Amino acid sequence: MVRNKSACVVLLFSLFLSFGLLCSAKDFPGRRGDDDPSKRYEDCRRRCEWDTRGQKEQQQCEESCKSQYGEKDQQQRHRPEDPQRRYEECKQECRQQEERQQPQCQQRCLKRFEQEQQQSQRQFQECQQHCHQQEQRPEKKQQCVRECREKYQENPWRGEREEEAEEEETEEGEQEQSHNPFHFHRRSFQSRFREEHGNFRVLQRFASRHPILRGINEFRLSILEANPNTFVLPHHCDAEKIYLVTNGRGTLTFLTHENKESYNIVPGVVVSVPAGSTVYLANQDNKEKLIIAVLHRPVNNPGQFEEFFPAGSQRPQSYLRAFSREILEPAFNTRSEQLDELFGGRQSRRRQQGQGMFRKASQEQIRALSQEATSPREKSGERFAFNLLSQTPRYSNQNGRFFEACPREFRQLRDINVTVSALQLNQGSIFVPHYNSKATFVILVTEGNGYAEMVSPHLPRQSSYEEEEEQEEEQEQEQEEERRSGQYRKIRSRLSRGDIFVVPANFPVTFVASQNQNLRMTGFGLYNQNINPDHNQRIFVAGKINHVRQWDSQAKELAFGVSSRLVDEIFNNNPQESYFVSRQRQRASE
């Protein structure tokens, strides 16, 4: 009797203990101070293994742990890490390998980094598309899009003004922007050298957005920013380059196999640098950044270029360090100890303080670097440089000005076969609709804000381009394009400083400045390899000189289905204005 009574007491005590453990697994206050959900989940699961009796109780305990901590852990695990950080870590690991293996290792890092960027962009756009399909209410849809952006495009340097502008986005504009392969936000650049005194960042490949841009995929665009009184390390590149200054003032010097060229550079200066030329720059200003847009046309691998630094320490290294001592000692007639000191083998204190592509310089050093520099102006004055903004505007009136330099007229652009342009649009003004017959223009916003409207065929919604696409998918896309031929959609993109907008050849487009700010843009007209850039024409759809005015009367009537007089009345309704018109004037007339 006593034995039975004791067994009952033990059984009741065990049940009471199991119930307490289940409750503690569900809510364990002693662990709430730990910020790591995965650790709390593992601790909870271990307690279930140690303290429960029987498989059923253990399963119940583990289910309670999973519902309490596992869900947060899964969210944290599936949150994408920063590809830029992984890229930097990968390159750091490459530096620990043998020197002859480092270039191949860094190439693999870059390839994986670009693939991750493309995957992140695909996931972001798929997430946005899901928001537009599933959410009906505008506020819910905007919240969903913000969550997509936080998950796949989170950026710690994003400004408050940008967030506020995105929150004010209309439902229609948000939907158009999400499926827009022609608008590259300033976050689409990836930094190769982000340092205390400057930043060198490269735009993702154009065709990564859509196959229609594969014709210009051999080109790459980058932005170089140097802080005041900063020197940019000498380097050469396996690409033909066009430097276009957008802000600040400085000195650009480069050396070919024949001679040395040195130019004072200010906004509007264009410098053509042949592939293999060693370049170094200096920011002369004490307050402003020197900002340069650089267009690359690689000579080895289309769409891929590398910089080579003869002087450096760790990042960048001197490429001369990759040679063996058996080569360097007789080549320079110098002992290995001195070579190590010169090329960064020994890390002196002075050298450790001056690492990176961008180096702080004294004002005396900056002035000395600028002594022999000339200031380019006329198109024929210098062999490799000219000032675009010193030329006569191609189009001009009280609402705006448009400057353009073509290879036919400017010999500095013939090696790379690129047109360079600059648009200055006054606030509340419109650059009337037009299109280019041969050139695809890559537009960089340098000041102010506004928007672009472009007419596009109904292209397949594709966020990336891969060379090894399956044949069935290509056939389906071709069939879809044929079915929708002759149908168009409006692409409207809000533009602000640092954004890129690509206008394919023959796509009608217009640019509009905001009501309270002027809009400044620079552009590169790019051509397919088989196209002669001299044959490009800009054809205006509206304004004083529009092509409809030249149609035969019968063609006007047959095309529009109305009398030719009505067509003329509309297309000739603005005889005083060409190229640029004011939105304010139109509203006043209404």
Side-chain angles (χ1 to χ4, degrees), residues 83-84 113-125 128 145 148-149 152-155 157-159 162 165-166 169 173-174 176-192 199-225 242 244 246 291-296 303-305 418 421 423 439-454 456 459 461-465 491-505 507 509 511 519-526:
Q84 181 70 32
F113 171 67
E114 290 179 342
Q115 291 173 348
E116 289 178 350
Q117 286 293 305
Q118 293 175 8
Q119 181 182 3
S120 176
Q121 185 67 22
R122 282 197 302 269
Q123 291 173 333
F124 173 57
Q125 297 209 354
Q128 278 191 317
V145 171
C148 293
R149 185 176 294 110
Y152 297 111
Q153 290 191 335
E154 186 176 20
N155 189 328
W157 296 284
R158 192 169 137 187
E162 181 187 334
E166 288 176 355
E169 199 172 33
E174 195 172 66
E176 290 169 353
Q177 200 91 341
S178 66
H179 303 298
N180 184 353
F182 307 104
H183 180 250
F184 293 77
H185 193 272
R186 51 188 171 273
R187 292 194 303 268
S188 302
F189 287 87
Q190 298 298 326
S191 294
R192 285 196 180 182
N199 189 8
F200 179 69
R201 47 201 176 95
V202 183
L203 185 68
Q204 66 184 97
R205 293 189 181 188
F206 295 110
S208 65
R209 291 293 190 89
H210 201 280
I212 197 170
L213 300 180
R214 74 179 74 174
I216 62 170
N217 207 39
E218 63 174 318
F219 295 93
R220 295 298 294 274
L221 181 67
S222 66
I223 302 294
L224 186 147
E225 298 180 357
I242 295 289
L244 175 54
T246 64
I291 304 177
I292 305 176
V294 188
L295 183 73
H296 306 254
Q304 199 165 2
F305 67 93
V418 167
S421 63
L423 173 64
T440 293
F441 269 83
V442 176
I443 307 296
L444 167 65
V445 181
T446 59
E447 182 184 338
N449 56 62
Y451 66 90
E453 277 194 11
M454 187 171 71
S456 169
L459 303 173
R461 287 181 176 177
Q462 182 173 338
S463 59
S464 67
Y465 165 60
I491 292 183
R492 180 177 175 130
S493 292
R494 295 182 323 280
L495 302 176
S496 57
R497 184 173 182 176
D499 286 354
I500 302 291
F501 190 75
V502 181
V503 185
F507 280 39
V509 67
F511 296 98
L519 182 62
R520 301 285 184 265
M521 301 187 292
T522 59
F524 297 97
L526 311 182

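Note that the coordinates shown come from a computational prediction; the quantities given were computed from them, not determined experimentally.
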Quiz item: Is there a donor-acceptor contact under 3.5 Å from the side chain of R209 to the main chain of H183?
Solution: yes
Exercise. Answer yes or no: is there a side-chain heavy-atom contact under 4.5 Å between T440 and F507?
Key: no
Quiz prompt | Steps toward side chain to side chain contact (heavy atoms under 4.5 Å, CB included) verdict (F441, S421) | solution = CA-CA 9 Å; F441 269 83; S421 63; 3.6 Å; yes
Exercise. Measure from NZ or CZ of R192 to the centre of the six-membered ring of F305, then state whether that distance is under 6.0 Å and the direction lies within 45° of the axis.
Key: yes
Quiz item: What distance do I223 atom CD1 and L244 atom CG have between them, rounded to the nearest 0.5 Å?
Solution: 9.0 Å
Practice problem: Just jot down the ring pair (Phe, Tyr, Trp, His ring centres under 6.0 Å) partners of F189, sequence neighbours excluded, or say none. | Solution: none
Practice problem: Working to the nearest 0.5 Å, report the span between CE of M454 and CD1 of I491. | Solution: 4.5 Å
Quiz item: With side chains defined as the heavy atoms from C-beta onward, is the minimum distance between E225 and I291 less than 4.5 Å?
Solution: yes
Practice problem: Report the C-alpha separation of V445 and F501 in whole Å, then their side-chain angles, then the decisive distance to 0.1 Å, and conclude whether the side chain to side chain contact (heavy atoms under 4.5 Å, CB included) test is met. | Solution: CA-CA 8 Å; V445 181; F501 190 75; over 6 Å; no
Quiz item: In Å, rounded to the nearest 0.5 Å, how long is the span from CG of N217 to CG of L526?
Solution: 11.0 Å
Exercise. Indicate yes or no: at least one non-hydrogen side-chain atom of V442 is less than 4.5 angstrom from one of F206.
Key: yes
Quiz item: What closest approach, in Å, do L213 and P504 show between heavy atoms, and which atom pair accounts for it?
Solution: CD2-CG, 4.3 Å
Exercise. To the nearest 0.5 angstrom, please state how far the CZ atom of R205 sits from the CD1 atom of I216.
Key: 13.0 Å
Quiz item: For V509 and F182, what are the C-alpha separation, side-chain angles and deciding distance, and is it a side chain to side chain contact (heavy atoms under 4.5 Å, CB included)?
Solution: CA-CA 12 Å; V509 67; F182 307 104; over 6 Å; no
Quiz item: How long is the span from the CZ atom in R492 to the OH atom in Y451, to the nearest 0.5 Å?
Solution: 4.0 Å
Quiz item: Checking side chain to side chain contact (heavy atoms under 4.5 Å, CB included) against M521, which of T246, L495, T446, L444 comes through?
Solution: L495
Practice problem: For the pair R520 and R497, evaluate side chain to side chain contact (heavy atoms under 4.5 Å, CB included) and give the outcome as yes or no after the intermediate values. | Solution: CA-CA 9 Å; R520 301 285 184 265; R497 184 173 182 176; over 6 Å; no
Quiz prompt | Residue pair S496 / R186, side-chain donor-acceptor N/O under 3.5 Å | solution = yes
Quiz item: Any side-chain heavy atom of H185 sitting closer than 4.5 Å to one from D499?
Solution: yes
Quiz item: Between I443 and L423, is any pair of side-chain heavy atoms under 4.5 Å apart?
Solution: no
Quiz item: Partners of R220 by side-chain hydrogen bond (donor to acceptor under 3.5 Å, both in side chains), sequence neighbours excluded?
Solution: none
